[in-house]
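Here is the naming used below: chain letters follow the sequence lines, and residue numbers restart at 1 for every chain.
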Amino acid sequence: MPSLKELAKRKEMLTPGHRLCAGCGAPIAVRLILMAADKPVVAANATGCLEVSTSIFPYTAWDIPWIHNAFENVAATISGVESMYRAKKRKGEITEDIYFVAFGGDGGTYDIGLQSLSGALERGHRFLYVCYNNEAYMNTGIQRSSATPLGAWTTTSPEGEAQPGKLQWRKNLTEIVVAHGIPYVAQSAPWNWRDLTSKAEKAFHTDGPSFINVLASCNRGWRHLPSDTMKIMQLASDCCIWPMYEVENGKYRLTYKPKEKKPVEEWLKAQGRFKHLFTPENRHLIEEIQAYVDKEWELLLKRCEA
Amino acid sequence: MAINLKARVMGLNGNAAVAYAMKQINPDVVAAYPITPQTDCVERFAEYVSEGLVKTEFVTVESEHSAMSACIGAAAAGGRVMTATAANGLALMWEVLYIAASMRLPIVMMVTNRALSGNINIHCDHSDTMGARDSGWIQLFSENAQEAYDNIIQAVKIAEDLNVRLPVMVTQDGFIISHAVERVEVLDDEVVQNFVGPYKPVYPLLDLSHPVTYGPLDLFDYYFEHKRSQIEAIDNSFPVIKKVAEEFEKISGRSYGFLESYKLDDAEYAVIALGSTCGTAKEAVNALREKGKKVGLLKIRCFRPFPKAEIIKALAPLKGVAVLDRSVSFGGFGGPVFTEVRSALYDAPSHPLIINFFYGLGGRDIYPEDIIKALEKIENVVQKGKVEEHIGYLGLRE
Ligand SMILES: Cc1ncc(C[n+]2csc(CCOP(=O)(O)OP(=O)(O)O)c2C)c(N)n1
Ligand code: SF4
Ligand SMILES: [Mg+2]
């Protein structure tokens, strides 16, 4: 892995001037991932915050070939691009090596785009799929997705007299992708640039499909200060809510082990979307969340030891 | 006329004829998903891939939505792309059909016409294609397997014309054409290759030295102008469709227009139809002609863009017209063909009386006697001097 100094010298593919909110986790993740590419990149983007804020006609923040098709089909779209590339390469019409990357939000990946993703993974296209996961449909105004954690307030899981925010546990998409048996799967977060860029580099070098589920805070939806983005995301890893790990050809490896496993309460407390969990009626949910996170963490540790 | 003497005759059903044309076109990418009655076409193409007879990347997607999405990605990447579908598959593509057209991607798709659910039905009507008529695709209808073959080859050239750059849908009636083996004259591979020529990429995504952004957020300040240019593009296809047909005639000896007039020159009454029904209608016209009736048929080959000027020219001199619609626009004033034809005639120097018949939904057979009934009805209406009921049905139990 090149040093940060060397990485910083690489061309910016997502350029300044885009209109994502200050402190948004998505462009930080995207820039770190693209920095890891040592060859040209062609990108596809699902509908969502990242897409709408970087491509407002007649401007574009993308200094690489980039295509947005619709919300649920970014994996199918990049499959088409990559297939054309293979056809042209076979005929000798293209000689360069190109990396293909698809960016989808959690809504575009966990929910409406899951079928398209699954199909593309099964077909074995050589591409990296990045789910920039802000745990809700942010672009349409913070609605719950299947990545939204239990108890979180969103505009379609508001907390009220009868309900304490979202009622369901989040889906474990990373494990669903692992079950596809693709060569490289990882979970990361941009608070740790080295973790994310080295995973991105591995993913780009993978001869087949690869997938990174990257936590990308949305301060608008999570309700924290824009300046706290990195801190909040690190808390997610330190509380073991967002473990950083990779699965390379089926082999699990924990890539970040918190020095001291922090209670989930610290992560919940830091965000307005969980505020209502701290009332006496809802406090039991914090314990349930802790138990859930502990169970998942233990399971992951076992997989990594195996 | 310079007819291609090397033409070969094969016994092919409509699906096989299109698959054979696809083999000869040898596109860079085909992404497709099976659905009756199109499946046979995709299976045959898969065999060509498996036998190494084409150089195509064949993307066996997990749905039609992904089929069209992958076609969009592939076409934007900068190469020749084809697919095929029917009915629910086309309906599932609805969202992305519009995106393909608005990105001005010259994708060619065969649609084996089949009724839309519900209830689920696998047989022919035009509800699938008519549902896509406003999506920005050029739509060519075929009367038989030969026309499906010929249209697919022409479609590539129309779609890729630099003044057009739009996707083209070529339809054939499910089972009636897709599964009936007919005599089809096929061209030599080389002739087809020369006719379609090499693909000319326009703003390809894979051109790394000129990075382009496809599919941006396009709001009230530009979207309207972009739609206006799309209108221009499909209007531009009129002379191109004509030119391509003329060039095609030179290699095949078969001529194509936006419309086909059958015994219309001295006719007083006519039926209008699309697809395989035109063959049946010709029989009906012949039968009535034998009885001395001055009747004819107007077949619409090109439904999008709608050839308004040619329609007026062909129909204005008539006394009465019966429009046959194989799909319903629920709650509308008649079927899609009727609405469009009647609207075109508003500006005509003279107006034939015009009535509409729904027929053949869900694959219900249509017979020459049905069409004779339609022609007799319009004659009757004209004798009365006015239309009392605009809408009727053929072949329906009531
Ligand atoms: C088929 C379809 N359904 C719904 C929408 C509306 N929509 C646009 S973006 C979006 C949510 C995006 O959420 P996510 O994928 O998590 O990305 P984020 O905006 O959070 O970054 C929705 C619901 C759409 N564009 N297309
Ligand atoms: S709403 Fe959230 S996800 Fe969207 S740009 Fe703003 S911070 Fe980023
Ligand atoms: Mg989201």
Can you pull out all donor-acceptor pairs below 3.5 Å that join chain B and chain A?
residue : atom : partner : partner atom : Å
B:D28   : OD1  : A:K91   : NZ           : 2.3
B:K55   : O    : A:R90   : NH1          : 3.4
B:K55   : O    : A:R90   : NH2          : 3.0
B:E57   : OE2  : A:R90   : NE           : 3.4
B:E57   : OE2  : A:R90   : NH2          : 2.9
B:E62   : OE1  : A:R123  : NH1          : 3.0
B:S63   : OG   : A:Q115  : NE2          : 3.2
B:H65   : NE2  : A:E72   : OE2          : 3.3
B:S69   : OG   : A:N73   : ND2          : 2.8
B:G78   : O    : A:K88   : NZ           : 2.8
B:V212  : O    : A:W66   : N            : 2.9
B:T213  : OG1  : A:T60   : OG1          : 2.7
B:Y214  : N    : A:W66   : O            : 2.8
B:Y214  : O    : A:H68   : N            : 2.8
B:G215  : O    : A:H68   : ND1          : 2.8
B:L217  : N    : A:S55   : O            : 2.9
B:L217  : N    : A:S55   : OG           : 3.2
B:L217  : O    : A:F57   : N            : 2.8

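- Heavy-atom pairs under 4.5 Å with chain B peak, among A:V41, A:V52, A:I78, at A:V52.
- Residues B:P216 and A:I56 have side chains not in contact (no heavy-atom distance under 4.5 Å, counting atoms from C-beta outward).
- Looking at B:V96, only its side chain comes within 4.5 Å of chain A, counting heavy atoms on both sides.
- Taken from CD1 in A:I67 to CD1 in B:I72, the straight-line distance is 7.5 Å, to the nearest 0.5 Å.
- The minimum heavy-atom distance between A:P65 and B:L208, with the atom names listed, is CG-CD2, 4.2 Å.
- Within the 4.5 angstrom heavy-atom criterion, atoms from both the backbone and the side chain of B:L205 approach chain A.
- For the pair B:G73 and A:V81, the tightest heavy-atom approach, listed with the atom from each and the gap, is O-CG2, 3.3 Å.
- The choice from B:A31, B:P204, B:G78 that makes the most heavy-atom pairs within less than 4.5 Å of chain A is B:G78.
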